[in-house]
Amino acid sequence: METARRTCGNGVYRSGDIDRQVAVFGWVQAYRNHGGVLFIDVRDRTGFVQLRCETDRAAVYATALTLRPEWVVAATGKVISRASNTNSKIATGDVEIEVHALEVLSEAQTPPFEIKDGVNANDDLRLQYRYLDLRRPELSKNFAARSHITQLTRKYFIEHDFLELETPILTKSTPEGARDYLVPSRVHGGQFYALPQSPQQFKQLFMMAGMDRYMQICRCFRDEDLRADRQPEFTQLDLEMSFVTPEQLYELLEGYVAMVWKEFLGVDIALPVQRMTYAQAMDTYGCDKPDLRFELPLCDITETVRGATEFRVFTAALESGGRVKALALPDGSAFTRKDLDTTLPQEAATHGAKGLAWARIAAGGEWSGPVAKALSVELRAELAAKLGVGDGALILFVADKAAVVNASLARLRLVAAERLGLLLKSKWAFLWVTDFPMFEYDDGEKRWSAMHHPFTSPRPDQVHLLDSEPGAVLAQAYDLVVNGTELGGGSIRIHRSDLQAKVFGLLGLSDEQVRDKFGFFVDALKYGTPPHGGIAFGLDRLMMLLVGADSLRDVIAFPKTARAACLMSQAPCAVDERQLAELHIAVAK
RNA sequence: GGAGUGGUAGUUCAGUUGGUUAGAACGCUGGCCUGUCAAGCCAGAGGUCGCGGGUUCAAGUCCCGUCCGCUCCGCCA
């Protein structure tokens with residue numbers, strides 16, 4: 001029977017199949033023995049169907065009695081109606097297979113956890129037995145979805161005249177950016193390749209080569225610490241176009257996400273997507289990827305409180321050049337005294353805030369809370385008006401350096417939204433964040449570093465500021481944010497070698513470093529480079545959003561742990577001396 | 001590098017102020033059962049309380065160290 005032809009997926013049998021002679025293959029998900037009749041649910045990735053084995057077929061019944069969960073079986077028989085015993089909770093619940101022959105193809109040890117949805121096994125156990133976890137329908141459906149999305153993606157961009165092109169995995173380590181994963185060269189002792197953090201330079205070289213429109217679904221590697229939405233290797237939808245403006249890119253990519261949301265979720269996205277500058281986002285929401293499924297804006301009250309209160313927390317922050325911002329919740333009743341004294345300050349503290357001040361406005365306009373008594377009646381009225389809140393409101397204040405104020409209030413905004421039930425998975429808020437600064441100052445290294453990457457073009461109207469005021473220069477860079485997740489980011493690139501040289505100089509790279517690290521690239525720029533730009537989408541994060549996963553591990557088939565290990569294969573691991581010797585490597589003890 | 005949190009049966013968990021033989025559910029094994037579909041009923045087996053050290057008459061429980069999972073900060077152009 002191993003050679004019999006499978007009729008179809010187990011989850012697709014319906015009443016229209018009744019009386020068909022069929023062959024069913026799959027894993028035993030459950031068996032229910034009623035003495036004279038025995039039911040077996042046989043699963044594959046399409047679902048499961050119920051086999052019915054009866055004592056009057058002695059060989060079938062004898063085999064059925066031996067079955068255990070996760071054994072692999074083959075059965076032939078006839079699709080029959082369940083008559084009065086249909087089960088509407090199951091897709092195949094109208095029918096069952098009357099088994100005429102049954103064969104065990106593989107026995108299975110008892111698995112370390114049950115293979116069914118809603119399983120609560122520990123993450124480490126699930127990762128160790130990933131191949132078993134992947135049998136669970138709620139996980140395997142994510143990978144069918146992923147396949148669907150990659151096909152839709154290729155189709156969309158090929159239809160828009162893109163070429164799908166490949167770039168090297170063994171490439172060159174560059175300064176700037178994330179820590180590289182290095183690969184030692186056997187042939188060139190003491191030298192190393194780097195795995196790509198992204199194909200950035202190669203895709204620009206494709207533009208210089210006249211490829212015009214490039215796309216790739218490619219793996220990228222960054223040796224940095226992990227998060228729920230960050231793995232050391234991840235998949236990017238990588239794009240680059242010649243002779244393109246940001247407006248054209250927005251239009252193309254809005255078309256892409258609209259197509260994906262429509263095809264996969266049946267959801268119509270309102271186009272065009274809302275836009276906001278980086279400066280607006282930081283001012284209003286305290287972060288560069290605001291979740292706009294809900295409002296709850298932050299309000300800068302620095303100038304309102306300056307000179308108007310003796311409240312030490314505020315005055316101390318002002319004296320050292322800091323800011324005071326407020327997050328006003330029109331209805332604060334969801335927050336207890338314990339939240340205000342403990343939970344919320346702890347959240348704020350993870351982002352550097354030394355404390356959290358708060359005030360409630362009771363019915364009748366009476367203010368209470370630790371801050372209230374330090375605020376005059378006039379100031380209270382002014383704040384309430386500025387924040388647009390009245391009776392029942394809760395106001396959270398953070399006073400500190402601007403970066404701390406923004407980060408901690410942005411965090412509290414999300415905590416509050418979660419508590420208030422505003423993080424709806426059925427709601428989609430798309431946003432382009434534009435006009436990022438070119439550079440941010442690296443206090444540790446005492447130099448400017450590129451906010452996006454060193455190939456990002458300044459806005460044409462900003463070039464003249466490069467010499468005088470690099471911190472103020474705005475870039476032609478943009479991020480696409482969905483429900484507070486940075487889904488993708490890109491920029492118009494520098495296509496003139498003199499401008500590129502200037503930017504490298506501002507980043508503190510010497511001519512020698514530029515020649516050594518980017519020599520081929522700056523040479524290429526001199527041979528007729530078209531204006532070009534592009535974007536990269538995090539495909540894994542896109543999948544997280546589409547399937548509603550809370551972790552990248554649910555959309556990456558064989559993911560790594562928070563310490564970048566694979567619990568299944570036990571990578572990374574030591575290698576033997578002989579391998580190291582070939583690579584001219586000695587491990588420091 | 002830092003902070004938080006978790007680790008007890010195959011699995012998920014409970015385990016009080018340190019005190020008798022560490023429990024439950026599911027799973028597993030055996031038996032019964034002809035309409036279940038989270039099948040049901042009966043019986044049974046199953047424990048290095050992550051690991052190491054310490055305090056104590058006595059440690060799953062307290063202390064110190066360490067390993068591993070998860071979340072977050074730093075980091076991630």
Side-chain angles (χ1 to χ4, degrees), chain A residues 29-42 48-56 61 65 68-70 80 82-93 96 109-129 132 174-180 197-198 200-201 220-232 234 346-353 404 407-408 411 414-415 436-440 442-444 448-456 475 477 486 489-491 503 507 536 538 550-551 553 560-565 567:
Chain A
Q29 179 163 278
Y31 57 94
R32 295 173 290 278
N33 182 356
H34 288 262
V37 63
L38 201 152
F39 301 105
I40 308 164
D41 292 339
V42 180
F48 67 90
V49 68
Q50 174 170 287
L51 306 187
R52 176 197 165 95
C53 304
E54 289 201 73
T55 45
D56 52 4
Y61 195 77
L65 279 176
R68 293 293 180 273
E70 300 309 314
I80 59 173
R82 290 208 201 174
S84 62
N85 298 301
T86 59
N87 185 340
S88 60
K89 286 182 287 187
I90 298 167
T92 59
E96 60 192 350
Q109 294 183 13
T110 302
F113 51 85
E114 292 180 76
I115 313 297
K116 63 181 185 190
D117 284 349
V119 71
N120 257 341
N122 261 335
D123 287 340
D124 49 355
L125 198 71
R126 291 172 53 193
L127 288 170
Q128 184 185 348
Y129 296 95
L132 297 181
T174 55
E176 299 289 312
R179 192 178 293 113
D180 285 319
Q197 298 172 27
S198 86
Q200 183 60 36
Q201 290 173 71
C220 302
F221 306 85
R222 294 178 190 175
D223 187 2
E224 297 292 348
D225 288 337
L226 284 70
R227 292 286 187 280
D229 63 350
R230 270 171 25 198
Q231 283 270 309
F234 59 98
Q346 279 174 356
E347 290 288 349
T350 64
H351 293 266
V404 168
S408 50
R411 173 67 200 155
L414 287 175
V415 171
F436 281 82
M438 280 286 282
F439 308 106
E440 57 191 341
D442 185 327
D443 285 324
W448 293 102
S449 66
M451 190 135 178
H452 184 51
H453 59 52
F455 315 109
T456 302
E486 180 197 330
S491 61
V503 169
L507 293 174
D550 293 321
S551 168
R553 284 183 293 275
K560 302 215 171 19
T561 66
R563 295 185 68 248
L567 297 182

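Lettering of chains follows the sequences in order, A, B, ..., and the numbering in each one begins at 1. The structure presented is a predicted model; accordingly, all values stated were derived computationally and were not measured.
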Subject >> Contact under 4.0 Å: A:Arg126 side-chain N or O vs B:rG69 OP1/OP2 >> reply: no
Subject >> Any A:Arg68 side-chain N or O less than 4.0 Å from OP1/OP2 of B:rU29 >> reply: yes
Using both distances under 3.5 Å as the test, list the Watson-Crick or G-U wobble partner of [N], or none.
N: B:rA45; value: none
N: B:rA24; value: B:rU12
N: B:rA3; value: B:rU71
N: B:rU36; value: none

Original post:
What is the distance from CG of A:Asp229 to C1' of B:rC72, rounded to the nearest Å?
Top reply: 11 Å
**OP:** Starting at atom CG of A:Leu127, determine the distance to atom P of B:rC68, rounded to an integer number of angstrom.
**Re:** 15 Å
Report the distance from atom [atom1] of [X] to atom [atom2] of [Y], rounding to the nearest 0.5 Å.
X: A:Thr561; Y: A:Asp124; atom1: OG1; atom2: CG; value: 9.5 Å
X: A:Leu507; Y: A:Phe439; atom1: CG; atom2: CZ; value: 5.5 Å
X: A:Glu440; Y: A:Met451; atom1: CD; atom2: CE; value: 5.0 Å

Original post:
Along nucleotides 39-44 of chain B, 5' to 3', which nucleotides get a B, which get an S, and which get a -, given that the test is a protein heavy-atom distance under 4.0 Å?
Top reply: B-----
With rounding to the closest Å, how many angstrom separate the [atom1] atoms on [N] and [M]?
N: B:rG47; M: B:rU21; atom1: C1'; result: 13 Å
N: B:rU29; M: B:rA39; atom1: P; result: 14 Å
N: B:rU5; M: B:rA22; atom1: C1'; result: 24 Å
N: B:rG40; M: B:rC26; atom1: P; result: 8 Å
N: B:rU66; M: B:rG27; atom1: C1'; result: 33 Å
N: B:rG15; M: B:rG60; atom1: P; result: 16 Å
N: B:rG18; M: B:rC75; atom1: C1'; result: 43 Å

Within the structure shown, what part of the strands sits under 4.0 Å from [X] by heavy-atom distance: base, sugar-phosphate, or nothing?
X: A:Pro454; result: base
X: A:Gln128; result: nothing
X: A:Asp225; result: base
X: A:Thr350; result: sugar-phosphate
X: A:Leu507; result: nothing
X: A:Ser84; result: nothing
X: A:Gln200; result: base

Taking the side chain from [X] and the backbone from [Y], do they hold a donor-acceptor pair closer than 3.5 Å?
X: A:Gln50; Y: A:Gly93; value: no
X: A:Arg179; Y: A:Asp223; value: yes
X: A:Ser408; Y: A:Val404; value: yes
X: A:Glu54; Y: A:Tyr61; value: no

Original post:
Would A:Glu114 and A:Lys116 pass as an ion pair if we require N to O under 4.0 Å?
Top reply: yes
**OP:** Assign each of A:Thr561 and A:Gln50 to its nearest nucleotide of RNA chain B by heavy atoms, then name whichever residue's nucleotide is nearer the 5' end.
**Re:** A:Gln50
For the base of [N], is there a side-chain donor-acceptor partner from [X] under 3.5 Å away?
X: A:Arg222; N: B:rC76; value: no
X: A:Arg563; N: B:rC70; value: no
X: A:Asn122; N: B:rG7; value: no
X: A:Arg82; N: B:rC37; value: yes

**OP:** Answer yes or no: is there a side-chain heavy-atom contact under 4.5 Å between A:Ile115 and A:Gln29?
**Re:** no
